[in-house]
Amino acid sequence: QVQLEESGGGLVQAGDSLRLSCAGSGRTFGIYNLGWLRQAPGKEREFVAVISRSGASTRYSDSVKGRFTISRDNAKSTVYLQMNSLKPDDTAVYYCAADRTSLTIRTQAQTYDYWGQGTQVTVSS
């Protein structure tokens with residue numbers, strides 16, 4: 001298994017940027033597909049972005065495509081989410097999640113095996 005810890009959340013204004021980080025420990029980081037998912041109050045957890053084990057492939061939800069960028073550094077056991085042009089609708093708790101078993105990257109929250117505790121991102125209008 002792997003333990004995950006997110007950081008970098010905060011309160012920003014619409015149009016600002018944030019970079020979230022997720023540090024992993026416990027096993028070789030490169031064996032996991034890594035995703036970012038978010039959950040707003042009263043809503044189900046939804047997919048944001050995912051990156052493959054090697055970092056060669058990425059996928060994004062339509063709502064963040066062109067604004068967010070996911071990346072990883074396996075040597076540092078860290079995955080990042082660069083968030084630009086933030087909108088109030090981006091307000092949510094953002095979770096880092098690891099998928100060990102899938103052969104290809106997936107967007108469904110149920111795909112992921114391990115989760116961090118989340119970091120709050122609040123975007124004011």
Side-chain angles (χ1 to χ4, degrees):
Q1 66 174 8
V2 62
Q3 295 182 350
L4 304 170
E5 184 174 5
E6 304 93 337
S7 62
L11 174 63
V12 298
Q13 294 182 326
D16 286 352
S17 297
L18 278 175
R19 189 178 76 157
L20 305 183
S21 298
C22 175
S25 63
R27 282 288 186 89
T28 301
F29 204 62
I31 68 174
Y32 302 99
N33 298 314
L34 293 169
W36 286 97
L37 301 95
R38 66 188 183 187
Q39 188 167 21
K43 296 185 178 181
E44 294 185 350
R45 195 166 298 183
E46 66 175 356
F47 167 79
V48 176
V50 62
I51 189 166
S52 63
R53 294 175 175 89
S54 68
S57 300
T58 59
R59 295 177 68 180
Y60 299 91
S61 68
D62 290 340
S63 63
V64 307
K65 192 175 301 180
R67 299 188 297 121
F68 291 9
T69 302
I70 188 171
S71 61
R72 67 190 294 166
D73 186 340
N74 287 342
K76 297 181 178 179
S77 297
T78 303
V79 62
Y80 306 95
L81 184 68
Q82 178 66 46
M83 305 185 295
N84 298 326
S85 302
L86 283 162
K87 304 175 180 179
D89 286 347
D90 295 319
T91 295
V93 176
Y94 283 71
Y95 297 90
C96 175
D99 170 14
R100 182 174 180 177
T101 62
S102 296
L103 298 179
T104 58
I105 53 177
R106 303 293 185 182
T107 63
Q108 296 85 0
Q110 293 78 9
T111 300
Y112 296 90
D113 303 299
Y114 308 105
W115 296 80
Q117 293 300 115
T119 185
Q120 177 71 47
V121 173
T122 302
V123 184
S124 63
S125 60

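Checked by atom type and distance alone, the side chain of Arg72 never pairs as donor or acceptor with a backbone atom of Gly55 at under 3.5 Å. The backbone N or O of Val123 lies less than 3.5 Å from a partner atom in the side chain of Thr91, making a donor-acceptor pair.
Following chains of ILVMFWY side-chain contacts shorter than 4.5 Å, one cannot reach Val121 starting from Leu11, and the two form parts of different hydrophobic clusters.
Note: Gln82 CD to Leu20 CG = 9.0 Å, rounded to the nearest 0.5 Å. How far SG of Cys22 is from CG of Leu34: 7.0 Å, rounded to the nearest 0.5 Å. To the nearest 0.5 Å, atoms CD (Gln13) and OG (Ser125) are separated by 9.0 Å. For the atom pair Phe29 CZ and Asp73 CG, the distance stands at 9.5 Å (nearest 0.5 Å). Separation of atoms CG (Asn33) and CZ (Arg100) is listed at 12.0 Å; rounding is to 0.5 Å. Between the CZ atom in Arg45 and the CD atom in Gln108 there is a gap of 15.0 Å [rounded to 0.5 Å].
Of all heavy-atom pairs between Gln117 and Glu6, the closest is N-OE1, 3.1 Å. Heavy atoms only, all atoms of each residue included: Thr78 and Ser21 are closest at CG2-CB, 4.3 Å. Nearest heavy atoms, Cys96 versus Val79: SG-CG1, 3.7 Å. Scanning all heavy atoms of the two residues, the minimum distance from Tyr60 to Ile70 falls at OH-N, 2.9 Å. Between Thr101 and Asp113 the shortest heavy-atom distance is N-OD2, 4.0 Å. Closest approach of Ala49 to Leu81, counting heavy atoms only: CB-CD1, 4.2 Å.
Residues that satisfy the side chain to side chain donor-acceptor pair (under 3.5 Å) test with Glu5, not counting sequence neighbours, are absent from this structure. Evaluation of the side chain to side chain donor-acceptor pair (under 3.5 Å) rule for Arg53 yields no partner, not counting sequence neighbours. Residues meeting the salt bridge (charged side-chain N to carboxylate O under 4.0 Å, His left out) test with Asp62, sequence neighbours left out: Lys65. Remark: Ser17 pairs with Asn84 by the side chain to side chain donor-acceptor pair (under 3.5 Å) rule, at least two apart or across chains.
Applying the under-4.5 Å side-chain rule to Ile, Leu, Val, Met, Phe, Trp and Tyr, the cluster around Val50 extends to Leu37, Phe47, Val93, Tyr95, Ile105, Tyr112, Trp115.
A donor-acceptor contact under 3.5 angstrom links the side chains of Thr104 and Arg106, judged on distance only.
Every pair passing salt bridge (Lys or Arg N to Asp or Glu O under 4.0 Å) that includes a residue from residues 28-40 is listed here, sequence neighbours excluded: Arg38-Glu46, Arg38-Asp90.
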Inset, instruction - Would you please test Phe68 and Leu86 for side chain to side chain contact (heavy atoms under 4.5 Å, CB included) and show each step? - result: CA-CA 9 Å; Phe68 291 9; Leu86 283 162; 3.8 Å; yes
